[in-house]
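Scroll down for the structure; my scribbles are underneath it.
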Amino acid sequence: MLKELGPGFRLTLAFTILTGFLYPAVMTGVSQLIFPKQANGSLVTVNGKVVASSLIGQPFSKPEYFHPRPSSAGGGYDATASSGSNLGPTSAKLLHGTTKMDDKKNEVVDFDGIGLRMVHYCVDNGIPYESSVPLDQFKSAQGDLDEVKLIKAFNDDKAPLVFTPKAPIPADAVTGSSSGLDPHISPANADAQAARVAKARNASVDQVKQLITQLTEGADLGFLGEPRVNVPMLNIAVDQRFPISK
């Protein structure tokens, strides 16, 4: 019996050494030699501190920064929970959003939905719109939009809220990527945010748009994919070019 099992044990040992140790060691060495930046996560360092990876987006929300596309990865751009919403284009949840009760029995946003995303995008970036109900009716005492009320209004069966932007909204501004980690937005999305960022940083819109143009990446090999702008890289450049005085 040992005679028959011997070759199997020897092959198992040989392939364990070959594929479990030698191959990974060789590939690691080659990648570190030829592509060291990519092999180490494409990390970006500013003033000696790692602030980002050029491969993964971040949930910027302040007015002085360009905002990324929505993300369904964990709480947003969670690299340990890469995922899309997996909702179809006719999904009511995707279009109108949903709410839920939290542990304290308060109604909160469960999924924001395209309608709510359009509202925020238009309001944040000064894009004109038409609304069947004035948005002032959905504001809190502090003047902030009440997202729960808006989602419930969008889902009202009898008289749903109708919100229509008067200018085209880039698709990537209100829809997430399949991974939830894509750091890129379209140049049109970046341009629509330029005025807000310029105002927050006391810069001219033309200056900010020039920076967008400089950092716009073309299609890979000239024909694969679409032109795009890396949001973390753009925001780092904005901080360096138009710093906010403290």
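Here, residue 1 is the first one in the sequence, and each next residue gets the next number.
Residues forming a ring-ring contact (aromatic ring centres under 6.0 Å, His included) with Phe163 (at least two apart in sequence, or on another chain): Tyr129. Partners of Thr98 by side-chain hydrogen bond (donor to acceptor under 3.5 Å, both in side chains), not counting sequence neighbours, listed by chain and number: Asp110. With sequence neighbours excluded, the residues that form a side chain to side chain contact (heavy atoms under 4.5 Å, CB included) with Ser72 are Ser85, Phe111. A search for side chain to side chain contact (heavy atoms under 4.5 Å, CB included) contacts involving Thr45 returns Val50, not counting sequence neighbours. Taking the side chain to side chain contact (heavy atoms under 4.5 Å, CB included) definition, one finds that Ala194 meets it with Val205, Val208, Lys209, Ile212, sequence neighbours left out. Under the rule for a side chain to side chain contact (heavy atoms under 4.5 Å, CB included), the partners of Glu130 that lie at least two apart in sequence or sit in another chain are Lys166.
Looking at Thr213 and Gln210, their side chains never bring a donor and an acceptor atom within 3.5 Å of each other. Side-chain contact check for Gln214 and Arg241: at least one donor-acceptor pair (N or O, by modelled atom type) lies under 3.5 Å.
Under the 4.5 Å side-chain heavy-atom criterion for Ile, Leu, Val, Met, Phe, Trp and Tyr, Val231 and Tyr77 are members of distinct hydrophobic clusters. Cluster annotation: Leu95 is connected to Phe154 through the hydrophobic network of ILVMFWY side chains, with a link wherever side-chain heavy atoms come within less than 4.5 Å. Residues Phe66 and Val44 do not share a hydrophobic cluster, clusters being chains of Ile/Leu/Val/Met/Phe/Trp/Tyr side chains in contact below 4.5 Å. Residues Val162 and Leu116 do not share a hydrophobic cluster, defined by chaining ILVMFWY side chains whose heavy atoms lie under 4.5 Å apart.
For the pair Ile244 and Ala200, the tightest heavy-atom approach, listed with the atom from each and the gap, is CD1-O, 4.2 Å. A pairwise comparison of heavy atoms in Leu181 and Ala73 identifies CD2-CB, 3.9 Å as the closest pair. Ala171 and Thr175 make their closest contact through O-OG1, 2.7 Å (heavy atoms, listed as atom of the first residue, atom of the second, distance). Closest of all the heavy-atom pairs between Pro232 and Ala52 is CB-CB, 4.2 Å. Scanning all heavy atoms of the two residues, the minimum distance from Ile236 to Val46 falls at CG2-CG2, 3.9 Å. In terms of heavy atoms, Pro187 sits closest to Pro227 at CD-O, 3.4 Å.
We find the CG-OG1 distance between Asp191 and Thr216 to be 7.5 Å, quoted to the nearest 0.5 Å. The CG atom of Leu211 sits 9.5 Å away from atom CG of Asn235, with the distance rounded to the nearest 0.5 Å. Atom NZ in Lys93 sits 13.0 Å away from atom CD1 in Ile114 (nearest 0.5 Å). A distance of 4.5 Å separates CG in Asn189 from CG in Asp172, rounded to the nearest 0.5 Å. Summarising the geometry, atom CG belonging to Asn125 is positioned 11.5 Å from atom NZ belonging to Lys199; distances are rounded to the nearest 0.5 Å. Of the inter-residue distances, the one linking Leu150 atom CG with Asn155 atom CG reads 11.0 Å to the nearest 0.5 angstrom.
Judged by distance alone, the side chain of Ser82 and the main-chain N or O of Ser179 form a donor-acceptor pair under 3.5 Å. When atom types are taken as modelled, the side chain of Ser177 and the backbone of Gly180 share a donor-acceptor pair closer than 3.5 angstrom. Ser71 places no side-chain N or O within 3.5 Å of a backbone atom of Gly76 that could act as its donor or acceptor partner. Checking side-chain atoms of Gln240 against main-chain N and O of Ala237 turns up no donor-acceptor pair under 3.5 Å.
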Contacts table for residues 55-62: side-chain donor-acceptor under 3.5 angstrom, sequence neighbours left out:
from	atom 1	to	atom 2	distance (Å)
Gln58	NE2	Val51	O	3.0

Show me the donor-acceptor pairs, under 3.5 Å and distance only, between side chains in residues 15-26 and residues at least two apart or in other chains.
from	atom 1	to	atom 2	distance (Å)
Thr16	OG1	Thr12	O	2.6
Thr19	OG1	Phe15	O	2.5

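Sorted by first and then second residue, the salt bridge (Lys or Arg N to Asp or Glu O under 4.0 Å) pairs with a member in residues 140-165 read Glu107-Lys152; sequence neighbours excluded. Listed by first and then second residue, the salt bridge (Lys or Arg N to Asp or Glu O under 4.0 Å) pairs involving residues 112-128 are Asp112-Arg117 (not counting sequence neighbours). For residues 66-85, the salt bridge (Lys or Arg N to Asp or Glu O under 4.0 Å) pairs, not counting sequence neighbours, are Arg69-Asp182. Every pair passing side-chain hydrogen bond (donor to acceptor under 3.5 Å, both in side chains) that includes a residue from residues 222-234 is listed here, sequence neighbours excluded: Asp220-Arg228.
Val197 is not listed as a side-chain neighbour of Tyr65, based on a closest heavy-atom distance of 4.5 Å or more. In this structure the side chain of Cys122 reaches within 4.5 angstrom of the side chain of Ile169, judged on heavy atoms.
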Test side chain to side chain contact (heavy atoms under 4.5 Å, CB included) applied to Arg201 and Asp239, step by step: CA-CA 9 Å; Arg201 291 181 176 271; Asp239 269 340; 2.7 Å; yes

Intermediate values then yes/no, side chain to side chain contact (heavy atoms under 4.5 Å, CB included), Ser83 and Asn86: CA-CA 8 Å; Ser83 176; Asn86 297 325; 4.2 Å; yes

Test log, rule side chain to side chain contact (heavy atoms under 4.5 Å, CB included), inputs Val109 and Ile151: CA-CA 8 Å; Val109 175; Ile151 289 176; 3.7 Å; yes

Val229/His184 under side chain to side chain contact (heavy atoms under 4.5 Å, CB included): CA gap, chis, key distance, verdict: CA-CA 5 Å; Val229 184; His184 297 95; over 6 Å; no

